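Just below is one structure, and these are the notes that go with it.
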Amino acid sequence: MSRYNAKETEAKWQEIWRDRRIFEVSEEPDRPKYYVLEMFPYPSGRIHMGHVRNYTMGDVTARFKRAQGFNVLHPMGWDSFGLPAENAAFENKVHPAIWTRQNIAVMRDQLKSMGLSIDWSREISTCEPEYYVHEQKMFLEFLAAGLAYRKESWVNWDPVENTVLANEQVIDGRGWRSGAQVVRRRQAQWFFGITQFADELLEGIEALDRWPDKVRLMQTNWINRSEGARVHFQLIGRKDGFDVFTTRPDTLFGASFCALSPNHPLALECAKTDPALAEFLAECGRLGTSEAALEAAEKCGHDTGLTVAHPFKDGAALPVYVANFILMEYGTGAIFGCPGHDQRDLDFARKYALPILPVVYPPDIEAAGFEIGAQAYVGDGVLINSGFLDGLGVTAAIIRAIARLEEIGAGEGKVNYRLRDWGVSRQRYWGCPVPVIHCASCGIVPVPEGDLPVTLPDDVTFDEPGNPLDRHPTWKHVDCPLCGAAARRETDTFDTFVESSWYFARFCAPSSDRAFRRDAVDYWLPVDQYIGGVEHAVLHLLYARFFTRALKRCGYLGIDEPFAGLFTQGMVCHETYQDSDGGWVYPSQITTGPGGQMIDVESGLRVTVGRSEKMSKSRRNVVDPAEILELYGADSGRLFMMSDSPPERDLEWTESGIDGSWRYVNRIWRLIAAPDGAVAMAGAAQPDAFGEACVAMTRMIHRAIFAVTADLELFRFNRAVAHVRELTNALEAFGSQEAGHDWVRRFGFDTTVKLIGPMMPHIAEELWQRLGHEKLLAESDWPVADKAFLIDETVTIAVQVKGKLRGTIEMPRDAENAVVEQAALALEPVRRAMGGAAPRRVIVVTNKIVNVVV
RNA sequence: GCCCCUGUGGCGGAAUUGGUAGACGCGGCAGACUCAAAAUCUGUUUCUCGCAAGGGAGUGGGGGUUCAAGUCCCUCCAGGGGCACCA
């Protein structure tokens with residue numbers, strides 16, 4: 001018997017699947033569909049272990065569902081716009097398009113060598129004009145529908161690179177590449193109106209019952225809806241005023257000041273005539289944009305000298321401060337401060353000697369003796385010192401206060417969200433151009449549909465700072481489509497999250513000349529099972545949910561939610577190694593030296609073994625999937641990915657683990673390709689009667705079918721693997737010569753091959769052929785467990801005395817409780833444990849347990 | 001600071017959802033085959049007392065509910081994650 005040749009066999013079946021177009025699908029309205037999608041990769045150059053884990057999970061699901069009779073859509077594409085391509089262009093003098101397409105070619109081959117059941121005829125790449133032309137059309141529709149707009153907003157500006165930086169490109173307040181101090185700057189940017197859907201997106205979370213609770217919670221917190229009131233404060237001695245947002249309008253009578261954000265228009269206005277305030281605002285600006293920096297800064301303010309009228313207390317005036325902790329981006333950028341019932345307001349009031357008036361006193365405390373100490377009182381209670389609100393509870397007082405505000409025209413009930421509109425402008429080359437033209441007389445003019453796509457110019461360089469589109473000699477100079485005058489093309493490109501917000505729908509009809517073919521999206525969408533990393537829990541998944549609604553509003557799609565089921569996988573981790581200088585060492589450079597020490601292969605020097613962490617190039621604790629595929633084959637790698645660790649948790653990559661999977665591949669090969677004992681012909685009739693060993697084996701097979709099916713259904717891949725291994729162990733031990741043993745062995749082999757099919761498709765297909773089947777395994781049905789074999793005639797019942805196990809008894813299934821009790825009490829260890837005492841009570845749980853209480 | 005998750009042998013993990021804790025795998029130990037090694041196979045492997053038969057302890061710590069708790073409740077500890085001046 002020859003050893004299993006993974007390389008040869010895997011290539012053979014990949015070719016057969018491809019040639020027979022097994023995984024290419026089309027809409028079949030009378031068959032149930034199932035859309036499995038893994039988050040598509042960024043073409044960084046080579047696949048990594050995270051990809052292997054992600055795509056294995058998706059493939060197992062796709063193959064399993066296909067065997068169960070579903071019409072399965074399982075596509076693949078490339079999220080191919082983005083900054084790394086520009087960095088590569090800068091470093092290696094290679095054009096982003098060339099770099100990207102080369103990477104795609106390499107990674108496509110790598111993914112194909114994994115044996116994924118993907119319909120490659122649907123492959124898409126987001127950096128190609130055939131893809132993003134539709135995005136440009138969508139944008140223009142969004143623009144017309146008021147879902148996209150342009151406004152000034154703050155950006156991180158790198159004065160050396162002459163470019164806008166993303167938040168993650170700002171490290172300790174400095175540009176990641178230039179090291180220059182980043183400055184905040186206002187710039188006109190494009191936005192998508194995601195906040196228009198804030199409530200819908202929040203309420204929609206409720207119905208996403210096949211999403212992890214964790215992700216649902218994160219999105220809920222991200223949107224962060226809070227109910228309260230908008231209150232208008234009138235400036236004394238002026239005609240204007242400003243609005244604040246508050247969740248506690250009930251505490252208005254306790255207000256002792258108002259505070260504005262340093263970016264508030266009124267603050268900026270005051271600074272023009274108040275040099276000290278101007279200096280204060282400049283100081284706030286220097287703090288940087290990172291929230292961590294804001295956090296560390298001491299809370300302080302500056303008195304503007306202005307006062308506002310209290311909306312409820314006639315004649316009362318409140319001072320107006322500018323305070324560094326007020327965010328312009330949240331609420332209205334202004335607050336009123338009630339020091340008695342908000343800790344931050346209390347700290348501020350103490351610092352600037354402002355009055356502190358309690359207006360809510362806690363239950364069970366004398367109102368007269370109640371004072372605010374070091375802690376503001378934020379709990380429920382009864383209103384005092386509050387005029388018409390006195391005596392009310394907090395909830396009632398909020399309602400009454402809002403009603404009064406509305407009566408006197410000083411405010412209204414309002415719902416506020418933390419969620420902000422999605423800024424999609426990037427001052428970058430390698431992205432989808434925003435298809436508009438700026439005209440001096442006509443303003444913002446959409447590029448006419450006939451002129452789309454707006455494509456990127458090829459003749460660009462990356463060796464100087466700034467946006468290559470902006471400094472291109474001709475690209476941006478165009479005539480206005482309306483008036484024909486010289487105009488300027490928009491040089492911003494879209495955030496790459498835009499492309500990934502609709503790609504799942506494009507897969508339904510990837511070569512349609514319209515963005516979506518309606519009958520195709522109506523058939524395939526929503527995605528039944530979406531799989532990816534939890535790092536996309538908020539942004540990508542929220543943007544895609546928004547986009548789906550926006551597309552529905554513009555008539556593109558008929559659904560609200562893009563992903564009916566979501567699974568977030570854990571990371572792939574590995575031990576870390578450091579040499580004596582603290583330098584990171586690759587696992588492939590490590591070997592076990594004499595005495596069990598880990599040593600560097602080349603230098604022979606000792607390395608220290610650190611904790612297991614997410615595989616990352618910076619720590620060098622990476623294992624290249626290409627080497628694993630070459631050495632062990634795809635099936636072993638896939639099996640290891642599914643074994644041991646539950647898929648939602650982190651997986652620890654170990655050498656011995658992949659060895660174990662490789663051993664299993666060979667074991668199953670020996671078991672089935674070179675069986676020890678007779679095997680009935682494929683399709684042989686089932687014998688009328690079996691001996692005891694055959695019946696037991698048959699039960700085991702049916703139990704395995706039942707367990708593995710349930711496990712795969714619920715994404716419990718590690719348990720599915722354990723159950724298949726149990727079955728393999730049992731078949732190896734099955735040496736019966738009873739009548740029918742050859743039939744049982746055949747049944748066991750066929751079943752084992754079917755059950756491992758989704759995880760190890762190549763060896764399964766090969767064994768399936770060797771077992772004499774004409775049809776491909778990939779086209780065969782999933783086995784169904786016969787319930788009659790799942791129930792045993794006898795059961796093992798545990799016998800406890802005072803909750804402690806003392807023995808077990810074998811009883812016929814569903815035996816009378818009295819009979820079971822008698823048998824239990826007759827057990828020697830039970831009698832001993834009872835010490836001659838009479839049982840006070842005996843609990844019998846049918847077919848499970850007997851507990852004797854003495 | 002607030003919110004969420006996790007904690008089980010030497011290791012990854014399992015436990016029909018309140019009913020025999022440790023399935024399955026990794027590693028270790030002993031043995032078989034071999035001149036030897038690799039590969040493979042067999043046995044063993046929670047800890048502890050004991051020659052043994054047997055006993056005791058045990059799911060991060062403490063407390064509780066229950067005939068019965070890894071599982072439910074309270075509390076503390078540790079690790080991980082999310083949000084973070086959110087008005």
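Letters A, B, ... are given to chains in the order of the sequence lines, protein chains preceding strands, and every chain is numbered from 1. Side chains included, hydrogens not; waters and symmetry mates left out as well; all remaining heavy atoms used. Quantities reported herein were computed from a predicted structural model and do not represent experimental measurements.
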Quick one: sort the A:Trp422 and A:Tyr543 rings into parallel, tilted or perpendicular, breaks at 30° and 60°. parallel

Under 4.0 Å, heavy atoms only, any strand: does A:Thr796 hit a base, just the sugar-phosphate, or nothing? base

B:C3 and B:C86: how far apart are their P atoms, nearest whole angstrom? 14 Å

Residues passing the side-chain contact (heavy atoms from CB on, under 4.5 Å) test with A:Asn221, sequence neighbours excluded, are A:Leu217

With sequence neighbours excluded, what pairs up with A:Glu648 under the salt bridge (charged side-chain N to carboxylate O under 4.0 Å, His left out) test? none

Show every ring pair (Phe, Tyr, Trp, His ring centres under 6.0 Å) that has at least one partner inside residues 789-842 of chain A, sequence neighbours left out. A:His702-A:Phe789

Assess whether a salt bridge exists between A:Arg699 and A:Asp792, defined as any Lys/Arg side-chain N lying under 4.0 Å from an Asp/Glu carboxylate O. yes

Taking atom P in both B:A14 and B:G63, what distance in whole Å separates the two? 28 Å

What distance, rounded to whole Å, do you find between the two P atoms, one in B:A68 and one in B:G58? 15 Å

Evaluate the side chain to side chain donor-acceptor pair (under 3.5 Å) criterion for residues A:Thr195 and A:Asp421: first the C-alpha distance (whole Å), next the side-chain angles of each, then the deciding distance (0.1 Å), finally the verdict. CA-CA 6 Å; A:Thr195 54; A:Asp421 273 346; 2.7 Å; yes

Check nucleotides 63-67 of chain B against the protein and report each pair of N or O atoms closer than 3.5 Å, with its distance, or say if there are none.
unit_1: B:C67; atom_1: O2'; unit_2: A:Asn851; atom_2: ND2; d: 3.0
unit_1: B:C67; atom_1: O2; unit_2: A:Asn851; atom_2: ND2; d: 2.8

With respect to the side chain of A:Ser656, which nucleotide from B:A87, B:C24, B:C26 is positioned closest? B:C26

Inspect the contact between A:Asp650 and A:Lys614 and indicate whether a charged nitrogen and a carboxylate oxygen are less than 4.0 angstrom apart. no

Any idea how A:Tyr352 and A:Phe348 line up, ring-wise: parallel (<30°), tilted (30 to 60°), or perpendicular (>60°)? tilted

Closest listed nucleotide, where the reference is the side chain of A:Phe325 and the choices are B:A87, B:C85, B:C83: B:C85

Take A:Arg619 and A:Glu613 through the side-chain contact (heavy atoms from CB on, under 4.5 Å) test and state the conclusion after the steps. CA-CA 9 Å; A:Arg619 285 191 205 85; A:Glu613 292 184 72; 3.2 Å; yes

Tell me which nucleotide, if any, is Watson-Crick or G-U wobble paired with B:U44 when both distances must be under 3.5 Å. B:G28

Per the salt bridge (Lys or Arg N to Asp or Glu O under 4.0 Å) rule, what does the pair list look like for residues 808-826 of chain A, sequence neighbours excluded? none

Counting any heavy atom closer than 4.0 Å, what does A:Arg344 reach on the DNA or RNA strands: base, sugar-phosphate only, or nothing? base

Residue pairs passing the ring pair (Phe, Tyr, Trp, His ring centres under 6.0 Å) test where at least one lies in residues 800-823 of chain A, sequence neighbours excluded: none

Most 5' of A:Asn416 and A:Val799 on RNA chain B, judged by nearest nucleotide: A:Val799

Between B:C33 and B:A39 - C1' atom distance, rounded Å: 11 Å

Between B:A87, B:U20, B:G56, which one does the side chain of A:Ile335 approach most closely? B:A87

Under a 3.5 Å limit for both distances, which nucleotide forms a Watson-Crick or G-U wobble pair with B:A53, could you say? none

Below 4.0 Å: OP1/OP2 of B:G19 and any side-chain N or O of A:Asn847: no

Identify whether any heavy atom of A:Arg832 sits under 4.0 Å from a base atom; if not, whether one sits that close to sugar-phosphate; answer base, sugar-phosphate or nothing. sugar-phosphate

Distances for protein N/O vs nucleotides 58-61 of chain B N/O pairs under 3.5 angstrom?
none

Base, sugar-phosphate or nothing for A:Asp345? Non-hydrogen atoms, less than 4.0 Å. nothing

I'd like to know whether NZ of A:Lys802 has more than 12 heavy-atom contacts from other residues, nucleotides or ligands below 6.0 angstrom. no

Can you tell me if A:Arg667 and A:Asn729 form a side-chain donor-acceptor pair at under 3.5 Å? yes

Taking atom CD of A:Glu828 as the centre, report whether more than 12 heavy atoms of other residues, nucleotides or ligands fall under 6.0 Å from it. yes

Whole angstroms only, please: what is the NE2-P distance between A:His536 and B:G82? 13 Å

Quantified in whole Å, what is the C1' atom distance between nucleotide B:U65 and nucleotide B:U75? 15 Å

Going 5' to 3' through nucleotides 4-14 of chain B and flagging B where a protein heavy-atom sits under 4.0 Å of the base, S where only the sugar-phosphate is that close, and - otherwise, we get S-------BSS

Can you measure A:Leu346 atom CG to B:A87 atom P for me and round it to whole angstrom units? 17 Å

Quick check on B:G9: syn or anti? Syn means the glycosidic torsion is within 90 degrees of zero. syn

Can we say A:Arg225 and A:Glu227 salt-bridge, meaning some charged N sits less than 4.0 Å from an Asp/Glu carboxylate O? yes

At 4.0 Å (heavy atoms only), tell me whether A:Leu651 reaches a base, stays on the sugar-phosphate, or touches nothing. nothing

Could you tell me whether A:Arg225 contacts a base, only the sugar-phosphate backbone, or nothing, with contacts defined as non-hydrogen atoms closer than 4.0 Å? nothing

Nearest-Å distance, NZ (A:Lys848) to P (B:U16)? 10 Å

Distance, rounded to the nearest Å, where A:Ile849 contributes CD1 and B:A69 contributes P: 10 Å

With nearest nucleotide decided by heavy atoms, which residue, A:Asp659 or A:Thr332, maps closer to the 5′ end of RNA chain B? A:Asp659

For A:Thr654, what residues pass the side-chain contact (heavy atoms from CB on, under 4.5 Å) criterion, not counting sequence neighbours? A:Phe640, A:Glu652, A:Ser656

What's the gap between B:G70 and B:U16 when it is taken at their P atoms, as a whole Å value? 13 Å

Of all of residues 699-715 of chain A, which get a heavy atom below 4.0 angstrom from RNA chain B, listed by number? none

Can A:Arg545 and A:Gln219 be said to form a side chain to side chain donor-acceptor pair (under 3.5 Å), step by step? CA-CA 11 Å; A:Arg545 293 182 61 217; A:Gln219 292 212 352; 2.8 Å; yes

B:G82 versus B:A69 - spacing of their C1' atoms, nearest Å: 31 Å

Please give the distance between the C1' atoms of B:G22 and B:C73 as a whole number of Å. 26 Å

Mind checking who B:G1 pairs with, Watson-Crick or G-U wobble, both distances under 3.5 Å? B:C83

Give a yes or no on whether a salt bridge exists between A:Arg216 and A:Asp213, defined as a side-chain N under 4.0 angstrom from a carboxylate O. yes

For B:U44, decide between syn and anti, treating a glycosidic angle within 90° of 0 as syn. anti

Contact class for A:Gly660 vs. all strands (heavy atom < 4.0 Å): base, sugar-phosphate, or nothing? sugar-phosphate

Looking at B:A87, B:A57, B:C83, which one has an atom nearest to any side-chain atom of A:Trp222? B:C83

Any salt bridge (Lys or Arg N to Asp or Glu O under 4.0 Å) pairs touching residues 319-339 of chain A, not counting sequence neighbours? A:Arg184-A:Glu329

Scoring nucleotides 39-50 of chain B by protein non-hydrogen atoms under 4.0 Å (B base, S sugar-phosphate only, - none) yields -SS---------

